[in-house]
Participant: 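I'd like to ask you about the structure that follows.
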Amino acid sequence: MDHVGPELLTRLVDALGARLVLYAQQFGPGPEDVVQEAFVRLAGQRPAPDDPAAWLYRAVRNGAISAARSSSRRTKHEHVAATQRQAWFAASDGNGLDAAAASEALESLPLELRETLVLRLWNDLSFEEIARLMETSTSTAHRRYGQGLTELRARLGVRRT
Amino acid sequence: MFSTNESADLGPESSPQDQALEARLAALRPRGDRLDRDRLMYLAGQAASRADETKALGHSRWAAPAFVGGAVGSLAASLVLALSSWLSVPASGGSDQSRIPVVAGTEGVFEGTEVLRERQYLVDSQEALEARLLIAMRDRASGEANDDRAANADDKIGGADVGPATAPMTSRSFDDALQG
């Protein structure tokens with residue numbers, strides 16, 4: 001594939017845009033800029049990557065980590081992160097989980113657990129794909145997911161029935 | 001790889017409670033209005049255009065450097081040839097290079113300088129030769145005159161006037177010597 005054309009790019013934006021923004025938000029503020037930059041860079045790739053979706057996840061992860069390092073020097077980092085907490089999810093549709101509470105509980109988890117949960121639950125990546133992206137083993141990805149789910153249950157106050 | 005919505009890899013065995021929690025969490029939808037889609041597509045179009053232009057220029061990326069390099073090389077070669085030919089005249093003109101005068105009115109004129117300098121050198125050499133000859137003849141004449149005076153004195157002292165050994169140098173003999 002020589003390049004990612006407008007049609008494919010539109011489909012990728014529609015399918016992955018919101019998911020990638022949520023993923024980038026786990027690393028710090030400004031996830032929209034990180035994701036936008038990744039899509040723009042993808043459009044300029046010559047030749048296009050073999051797997052544009054995988055390329056996007058890698059680019060977003062690297063960009064988000066880089067942006068987080070830059071923003072960590074700013075004094076307003078914590079304030080910005082707190083004010084954006086409400087915006088992670090759309091309003092819940094009556095499944096019993098409050099979007100804001102879920103965002104808050106998720107944000108309280110360590111980054112590696114949070115990242116695994118977001119990639120698995122809201123980006124539908126397999127554990128092998130998660131392990132490859134996070135540069136770890138599949139078993140570690142499994143373990144982090146289980147641990148994250150357990151801690152999230154506790155924070156949300158969801159009881160085992 | 002990275003095909004979303006794939007359910008083949010469910011991971012480790014999870015309890016029904018965990019599956020229920022997963023389903024409730026997954027039901028939360030990431031906000032979809034956070035990306036400025038129009039701006040993103042506009043910037044992506046710009047990036048694609050830049051990439052295409054760069055790719056097109058990449059085919060002829062050596063044309064401009066080759067042209068500039070060739071021009072600079074030709075100019076350098078011309079300068080080297082010009083300097084070498086200009087410097088070769090005094091080097092081959094003899095050991096007395098300091099005596100080669102610069103022809104008036106030819107300074108800075110490259111064309112014809114070599115011929116003019118060679119011609120001037122020949123003229124100058126002839127003049128130098130004539131001057132040397134003149135000096136030598138003067139020295140010889142003055143020396144002979146001194147010898148004559150000394151000889152006459154000796155002769156007078158000895159009582160016999162035999163006359164000078166050679167005829168004294170006159171202006172006519174100078175001209176004859178120069179012509180000869």
Side-chain angles (χ1 to χ4, degrees), chain A residues 3-6 9-10 13-19 21-22 31-32 35-36 39-46 51 53-54 56-57 87-90 92-93 95-97 99 102-103 117 120-129 132-133 141-143 145-146 149-150 152-153 156 158 160-161, chain B residues 1-70:
Chain A
H3 67 283
V4 175
L9 192 69
T10 303
V13 171
D14 291 341
L16 302 177
R19 300 166 185 244
V21 170
L22 177 63
E32 299 90 350
V35 173
Q36 176 177 284
F39 275 112
V40 170
R41 283 178 51 208
L42 177 64
Q45 289 292 307
R46 299 291 185 277
D51 190 340
L56 275 171
Y57 275 97
W88 284 24
F89 299 104
S92 57
D93 51 359
N95 67 353
L97 283 179
S103 300
L117 286 172
R120 178 66 184 159
L121 290 172
W122 292 286
N123 286 275
D124 295 330
L125 265 60
S126 69
F127 284 106
E128 287 184 359
E129 292 165 344
R132 206 174 307 156
L133 183 61
H142 280 300
R143 181 181 53 78
Y145 179 74
L149 208 57
T150 301
L152 198 58
R153 177 193 300 279
L156 286 171
V158 178
R160 290 177 180 269
T161 57
Chain B
M1 178 188 171
F2 280 81
S3 55
T4 56
N5 296 318
E6 101 179 10
S7 57
D9 182 5
L10 295 176
E13 288 293 329
S14 56
S15 65
Q17 294 82 7
D18 285 342
Q19 289 179 9
L21 178 60
E22 286 176 303
R24 292 173 69 186
L25 287 169
L28 294 171
R29 294 295 172 196
R31 285 185 52 188
D33 57 346
R34 299 176 62 180
L35 276 180
D36 189 343
R37 196 167 174 276
D38 292 338
R39 177 167 173 75
L40 191 156
M41 295 305 292
Y42 171 74
L43 293 174
Q46 280 188 323
S49 298
R50 280 197 301 272
D52 290 337
E53 289 173 4
T54 304
K55 188 178 180 182
L57 287 174
H59 292 300
S60 58
R61 73 175 65 174
W62 295 109
F67 175 76
V68 172

Participant: Report the residues that fulfil side chain to side chain contact (heavy atoms under 4.5 Å, CB included) with A:A18, sequence neighbours left out, ordered by chain and then residue number.
Facilitator: B:P30

Participant: Counting only N and O atoms by type, is there a donor-acceptor contact under 3.5 Å from the side chain of A:W122 to the main-chain atoms of B:L25?
Facilitator: yes

Participant: Evaluate B:D18 against A:R153 for side chain to side chain contact (heavy atoms under 4.5 Å, CB included), listing each step before the verdict.
Facilitator: CA-CA 9 Å; B:D18 285 342; A:R153 177 193 300 279; 2.5 Å; yes

Participant: Can you see which heavy atom on A:G17 is nearest to which on B:L35, and at what distance?
Facilitator: CA-CD1, 3.7 Å

Participant: List the residues meeting side chain to side chain donor-acceptor pair (under 3.5 Å) with B:D33, not counting sequence neighbours, and say none if there are none.
Facilitator: B:R31

Participant: Can you find a heavy atom in the side chain of B:Q46 that is under 4.5 Å from one in the side chain of A:V40?
Facilitator: no

Participant: Between A:L149 and chain B, which part of the residue has a heavy atom less than 4.5 Å away: side chain, backbone, both or neither?
Facilitator: both

Participant: If I take atom CE from residue B:M41 and atom CG from residue A:L9, how far apart are they, to the nearest 0.5 angstrom?
Facilitator: 4.5 Å

Participant: For chain B, which candidate among A:T10, A:V4, A:L42 shows the most heavy-atom pairs at distances under 4.5 Å?
Facilitator: A:T10

Participant: How long is the straight-line distance from CD of B:E22 back to CG of A:L117, given to the nearest 0.5 Å?
Facilitator: 9.0 Å

Participant: Keeping the roles fixed (side chain from A:R46, backbone from B:A48), state whether a donor-acceptor pair exists under 3.5 Å.
Facilitator: yes

Participant: Check whether any side-chain heavy atom of A:W88 sits under 4.5 Å from a side-chain heavy atom of B:L28, and report yes or no.
Facilitator: no

Participant: Minimum heavy-atom separation for B:R37 to A:V13, with atom names?
Facilitator: CG-CG1, 4.1 Å

